[in-house]
S.K.: 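Structure provided below as structure tokens; questions to follow.
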Protein chains: 2
Amino acid sequence: MTRKEKDITTEEKIKGAARKVFTQKGYAATRTRDIAEEAGINLALLNYYFRSKEKLFELVMAEKVGELFGMLVPVVVDHSTTLKTKMEKIAATYIDTLEKNPGLPLFVLSEIHRRPEWLSQRVPIADIFKKSSFMQQVREKRPDIDPMHFFMNALGLCVFPFISSPVFIGAGVINRNDFKKLLQERKSLIPVWMNAMLKA
Amino acid sequence: MTRKEKDITTEEKIKGAARKVFTQKGYAATRTRDIAEEAGINLALLNYYFRSKEKLFELVMAEKVGELFGMLVPVVVDHSTTLKTKMEKIAATYIDTLEKNPGLPLFVLSEIHRRPEWLSQRVPIADIFKKSSFMQQVREKRPDIDPMHFFMNALGLCVFPFISSPVFIGAGVINRNDFKKLLQERKSLIPVWMNAMLKA
DNA sequence: GTCTATAGTAAGATAGAC
DNA sequence: GTCTATCTTACTATAGAC
């Protein structure tokens, strides 16, 4: 047994397995047995540590929502950066992070879709975005258009490829390698496109 | 009993219920009992008509994939229209159709994510898109950039709002009415943005 | 803390009456 | 064709030994 394996507590092994299985299959399709097997432990231990499937899911979900939106906050509220810089940071951060965890957006979006109240009950984040420096700067440039459009566009341009890749790849419209190349290109293209949309 | 109700066969009632429940909750979270109840019939009848949950799902899934991508084909292959016209048609068609069926994209994308081989086994549509008039016209305008980028952007700008609306609305970043207003605005904005991106 | 064994329940599917 | 009742399986969760 390597040092690394020995240091991971059973609790962390289960959480790690849960992260993997839940994000891959979603809550409903996940069986606690899958998680136990993935963690290399017995099913009873899962309930010993986390009481129930629901409680374990809750933990993972909160973490994943944080991963997906947490990275956004420091960038959009920063008053010291230009809109262009913000766009560059958003594109680079999202694409690099999601490339390591491509299933993240679809998981979060799907689970929130099935539990619309989940977010409102715990993440009071609306004002942070609405009053953010990003929104102000967009409003200054385009007082004639709802800034939410551009916020959505920025996120969509970054995130949509990851959500739709199974379709494009599955349909044979693109292959895995070309897709990876596209992603890298988008890191520099998205800021340029966003700038063009703001001027259009 | 109204005329309309009387004319709907039991088979159609079940299929209709299945469409509703499957797209709302996804395959795994759907119980055949939910569908039977929604259809106002007995559980046994579902198996009498469709043999199994899987077979019924298969039917709905094929239909929904058709709904989501079928509308795209006639537009992108049409050699008689300009790129600008194509963009206008894509935006208008998608937003109008999806407004009546907002859960469609997330359903299709999620289910394909969980069954990556599903598409490749039955929808041999790759060449239609790759050789489409849309792709050619984009290549002419921007031979320096992979046209797939713009195809993805067009779809993403139309579809992403529907996928992400539960998040935006759930987090309180936007309310339902403003969201509906945004959607209408996007029908004319998206073609403008796409044009701007192509020039950038 | 970790296991085996099992209770309890929910879900998909079918048998058989009408 | 449509129903009620039931079979069978698979899942979550717990009891209890070690």
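First the proteins, then the strands, lettered A, B, ... as listed; each starts at 1.
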S.K.: Consider the side chain of B:Leu45, meaning its heavy atoms from C-beta on, and name the nucleotide among C:dT14, D:dT2, C:dG1 that approaches it most closely.
M.R.: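 Looking only at side-chain atoms, B:Leu45 lies closest to D:dT2.
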S.K.: When you check the phosphate oxygens OP1 and OP2 of D:dG1, does a side-chain N or O of B:Tyr49 lie under 4.0 Å from one of them?
M.R.: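 For B:Tyr49, the contact criterion (side-chain N or O under 4.0 Å from OP1 or OP2 of D:dG1) is met.
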S.K.: Rounded to the nearest angstrom, tell me the gap between atom CZ in B:Arg51 and atom C1' in C:dG12.
M.R.: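 About 12 Å, once rounded to whole Å.
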S.K.: Rounded to the nearest Å, what distance is computed from the CD1 atom of residue A:Ile41 to the C1' atom of nucleotide C:dT4?
M.R.: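 The distance from CD1 of A:Ile41 to C1' of C:dT4 comes to 14 Å, rounded to the nearest Å.
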S.K.: Identify the pairs formed between an N or O of the protein and an N or O of nucleotides 4-9 of chain D at a distance under 3.5 Å, and give each distance.
M.R.:
unit_1 : atom_1 : unit_2  : atom_2 : d
D:dT4  : OP2    : B:Asn42 : ND2    : 3.0

S.K.: When you compare the side chains of B:Gln184 and B:Lys181, does any donor N or O come within less than 3.5 Å of an acceptor on the partner?
M.R.: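 Result is no, nothing qualifies.
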S.K.: Which heavy-atom pair separates B:Lys131 from B:Gln136 by the least distance, and what is that distance?
M.R.: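 For B:Lys131 versus B:Gln136, the nearest heavy atoms are O-OE1, 3.6 Å.
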S.K.: With no hydrogens and no angle check, is any side-chain donor or acceptor of A:Ser164 less than 3.5 Å from a backbone partner on A:Val167?
M.R.: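 No.
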S.K.: Let's see if you get this right: which residues in residues 14-23 of chain A place a heavy atom under 4.0 Å from DNA chain C?
M.R.: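 Those residues whose heavy atoms fall under 4.0 Å from DNA chain C, taken from residues 14-23 of chain A, amount to none.
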S.K.: Which whole-number value in Å describes the distance from B:Leu46 CG to D:dT2 P?
M.R.: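 Going from CG in B:Leu46 over to P in D:dT2 covers 12 Å.
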S.K.: Is there a donor in the side chain of A:Gln137 and an acceptor in the side chain of A:Lys86, or the other way round, less than 3.5 Å apart?
M.R.: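 Distance-only check passes for A:Gln137 and A:Lys86.
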S.K.: With hydrophobic residues grouped by side-chain heavy-atom distances under 4.5 Å, do A:Leu183 and A:Leu104 end up in a single group?
M.R.: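 Yes, because A:Leu183 and A:Leu104 connect within a single hydrophobic cluster, where side-chain heavy atoms sit under 4.5 Å apart.
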S.K.: Just checking, any donor-acceptor pair under 3.5 angstrom between side chains of A:Arg186 and B:Asn153?
M.R.: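 The criterion, which ignores hydrogens and geometry beyond distance, is satisfied for B:Asn153 and A:Arg186.
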S.K.: Please tell me which of A:Thr30 and B:Thr10 maps to the more 5' nucleotide of DNA chain D, matching each residue to the nucleotide holding its nearest heavy atom.
M.R.: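 The residue whose closest nucleotide sits nearer the 5' end is B:Thr10.
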S.K.: May I ask you to verify if any side-chain N or O of A:Thr32 is less than 4.0 angstrom from the OP1 or OP2 atom of D:dA13?
M.R.: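 Result: no.
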S.K.: Please list, in numerical order, the residues of residues 52-61 of chain B that have a heavy atom closer than 4.0 Å to any atom of DNA chain C.
M.R.: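 DNA chain C contact set from residues 52-61 of chain B: B:Ser52, B:Lys53.
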S.K.: Kindly state each residue pair satisfying ring pair (Phe, Tyr, Trp, His ring centres under 6.0 Å) with at least one member in residues 106-148 of chain B, sequence neighbours excluded.
M.R.: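 Found B:Phe129-B:Phe151, B:Phe134-B:Phe151.
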S.K.: Restricting to pairs with a member in residues 77-104 of chain B, which pass ring pair (Phe, Tyr, Trp, His ring centres under 6.0 Å), not counting sequence neighbours?
M.R.: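 The answer is none; no pair qualifies.
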S.K.: Distance alone, cut at 3.5 Å: any donor-acceptor contact between the side chains of B:Arg33 and B:Asn42?
M.R.: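 No.
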S.K.: Specify the separation, in whole Å, of atom CG of B:Asn47 and atom P of C:dG12.
M.R.: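 From B:Asn47 CG to C:dG12 P: 9 Å.
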S.K.: More than 12 heavy atoms of other residues, nucleotides or ligands under 6.0 Å from NZ of A:Lys20: is that the case?
M.R.: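 Count not over threshold, so no.
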S.K.: In terms of side-chain heavy atoms, does B:Lys89 have a donor or acceptor partner in B:Thr81 at a distance below 3.5 Å?
M.R.: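 Result is no, nothing qualifies.
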S.K.: Taking only nitrogen or oxygen atoms into account, show me every contact under 3.5 Å that the protein makes with nucleotides 8-10 of chain C, one pair per line with its distance.
M.R.:
none

S.K.: Does the Lys NZ or Arg CZ of A:Arg139 fall within the cation-pi geometry relative to A:Phe150 - under 6.0 Å from the ring centre and within 45° of the axis?
M.R.: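 No - A:Arg139 does not lie over the ring of A:Phe150 by the 6.0 Å and 45° rule.
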S.K.: Quick check with a 6.0 Å cut-off and a 45 degree axis cone: is B:Lys15 positioned over the face of B:Phe50's six-membered ring?
M.R.: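 Ring-cation test returns no.
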